[in-house]
Amino acid sequence: PKIKYLVLGKGHPNYEEASGKDYAAELHNRAKALGLGEHFIILDKFIAQEELILYLGAADIYITPYISQEQISSGTLAFAKATNNVIVSTPYWYAQELIHSGNGRLVDFKSSKSLSDAILSLVSSPKRGSEIARHNYAEMRQMIWPKIGCRYVELMTQIRTYQPYLQYTGGHLAAQI
């Protein structure tokens, strides 16, 4: 398929420090060795949120291939889901919370076959990818700040107006909640 694979952002500084290797150059060399150089783009720089949103909005599939389950969060995963992307990810903790049946694909850790199978199945079925993207967009509308703010106001109203039932029984005050 005619695919462009974009690696966006700086590599982790600990990797380059520990390995002595330039992560972006290493990835680019691997892609060239596999004959994928023309499909592979690396933007090895810090990306501000506004620019990130533009890139995510232009993407069709967002991939987070973390290598361990202990990855606690990914700010870009939530942004990608909210910008109409189909998500393909390894099942790190945060991905397990955001990705479920019908809104993306969880793939095995350290398995290029599992990752490529998921991507190829989505690329070969653009209609399914569009359905997933629409589902993600609609689901994420519940997480935008105005909606969250309304839910906080509702919660505070419930707390403010809550009246527990108090009963005095044999020297003890019991609250029924």
Side-chain angles (χ1 to χ4, degrees), residues 1-140:
K2 293 184 179 182
I3 294 176
K4 294 289 184 188
Y5 187 88
L6 174 64
V7 177
L8 193 58
K10 288 293 290 173
H12 198 288
N14 291 349
Y15 173 81
E16 291 183 1
E17 186 177 308
S19 69
K21 297 178 182 177
D22 179 343
Y23 184 67
E26 187 179 352
L27 286 177
H28 189 68
N29 290 337
R30 283 186 190 180
K32 281 173 51 177
L34 293 168
L36 300 172
E38 67 185 51
H39 298 279
F40 200 79
I41 302 165
I42 300 174
L43 291 179
D44 186 29
K45 65 175 189 166
F46 174 78
I47 306 294
Q49 182 176 326
E50 297 78 20
E51 188 177 3
L52 172 65
I53 298 299
L54 293 174
Y55 279 109
L56 290 172
D60 296 313
I61 299 173
Y62 173 84
I63 305 166
T64 52
Y66 291 120
I67 60 172
S68 83
Q69 184 174 13
E70 291 75 29
Q71 179 73 29
I72 294 174
S73 70
S74 168
T76 58
L77 177 61
F79 283 132
K81 191 171 175 184
T83 52
N84 269 17
N85 279 272
V86 176
I87 311 295
V88 176
S89 180
T90 51
Y92 59 96
W93 290 333
Y94 186 57
Q96 289 179 48
E97 288 181 31
L98 282 187
I99 301 169
H100 48 78
S101 173
N103 76 348
R105 300 281 189 275
L106 290 173
V107 299
D108 299 331
F109 289 108
K110 299 180 183 180
S111 171
S112 57
K113 173 145 179 38
S114 178
L115 182 61
S116 64
D117 287 349
I119 294 167
L120 288 173
S121 76
L122 291 165
V123 170
S124 65
S125 178
K127 182 179 178 189
R128 180 67 185 128
S130 293
E131 290 169 359
I132 292 170
R134 279 193 303 277
H135 173 85
N136 284 342
Y137 181 80
E139 184 177 305
M140 294 303 285

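Across Ile3 and His39, no two heavy atoms sit closer than the pair O-ND1, 2.7 Å. Nearest heavy atom pair, residue Tyr94 against residue Ser73, reads CB-CA, 3.7 Å. Nearest approach of Ser68 to Phe109, heavy atoms of both residues: C-CE2, 3.5 Å. Across all non-hydrogen atoms, the minimal contact from Leu115 to Pro65 is CD2-CB, 4.4 Å. Taking both residues in full, the closest heavy atoms of Ala118 and Val107 are given as CB-CG1, 3.6 Å, listed atom of the first, atom of the second, then distance. Of all heavy-atom pairs spanning Ile87 and Ala80, the tightest one is CD1-CB, 3.8 Å.
Note that CD of Gln69 is 11.5 Å distant from CD1 of Ile72, once rounded to the nearest 0.5 Å. Atom CG of Asn136 sits about 9.0 Å away from atom CG of Leu98, to the nearest 0.5 Å. If you take CG on Leu122 and OG on Ser130, they are separated by 10.5 Å, rounding to the nearest 0.5 Å. With values rounded to the nearest 0.5 angstrom, Ile63 atom CD1 is found 12.5 Å from Leu77 atom CG. To the nearest 0.5 Å, atom CH2 of residue Trp93 and atom CD of residue Gln71 are 10.0 Å apart.
Around atom CD of Glu70, more than 12 heavy atoms belonging to other residues, nucleotides or ligands sit under 6.0 Å away. Remark: Lys32 NZ is loosely packed, at most 12 non-hydrogen atoms of other residues, nucleotides or ligands lying under 6.0 Å away. Under a cut-off of 6.0 angstrom, the local environment of CG in Leu34 is crowded, with over 12 non-hydrogen atoms contributed by other residues, nucleotides or ligands.
With sequence neighbours left out, the ring pair (Phe, Tyr, Trp, His ring centres under 6.0 Å) criterion links Phe79 to no other residue. Not counting sequence neighbours, the partners of Tyr5 by the ring pair (Phe, Tyr, Trp, His ring centres under 6.0 Å) test are Phe40. Every residue two or more places apart in sequence or in another chain was checked for a salt bridge (Lys or Arg N to Asp or Glu O under 4.0 Å) with Lys127, and none qualifies.
Here the side chain of Asp117 pairs no donor or acceptor atom with the backbone of Ser114 at under 3.5 angstrom. Distance alone, capped at 3.5 Å, places no donor-acceptor pair between the Ser125 side chain and the Ser121 backbone.
With contacts defined as side-chain heavy-atom distances shorter than 4.5 Å, the pair Val7/His28 does not qualify.
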(request) Report the C-alpha distance between Glu131 and Arg128 in whole Å, list the side-chain angles of each, state the deciding distance to 0.1 Å, and finish with yes or no for salt bridge (charged side-chain N to carboxylate O under 4.0 Å, His left out). (result) CA-CA 5 Å; Glu131 290 169 359; Arg128 180 67 185 128; 3.3 Å; yes
(request) Could you check Ile132 against Arg105 for side chain to side chain contact (heavy atoms under 4.5 Å, CB included), going step by step and ending with a plain yes or no? (result) CA-CA 10 Å; Ile132 292 170; Arg105 300 281 189 275; 3.7 Å; yes
Show every donor-acceptor pair shorter than 3.5 Å between a side-chain atom in residues 19-26 and any protein atom, with sequence neighbours excluded, or say none if there are none.
from, atom 1, to, atom 2, distance (Å)
Ser19, OG, Tyr15, O, 2.7
Ser19, OG, Lys21, N, 3.1
Asp22, OD1, Ala24, N, 3.2
Asp22, OD1, Ala25, N, 3.3
Glu26, OE1, Tyr15, OH, 2.4
Glu26, OE2, Tyr15, OH, 3.2
Glu26, OE2, Arg30, NH2, 3.2

For residues 42-62, dump all side-chain donor-acceptor pairs below 3.5 Å to protein atoms at least two apart in sequence or in another chain.
from, atom 1, to, atom 2, distance (Å)
Lys45, NZ, Glu51, OE2, 3.4
Tyr62, OH, Thr76, OG1, 2.3

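Residue pairs meeting the side chain to side chain donor-acceptor pair (under 3.5 Å) criterion with at least one member in residues 79-91, sequence neighbours excluded, are Thr64-Ser89, Lys81-Glu139, Thr83-Asn85.
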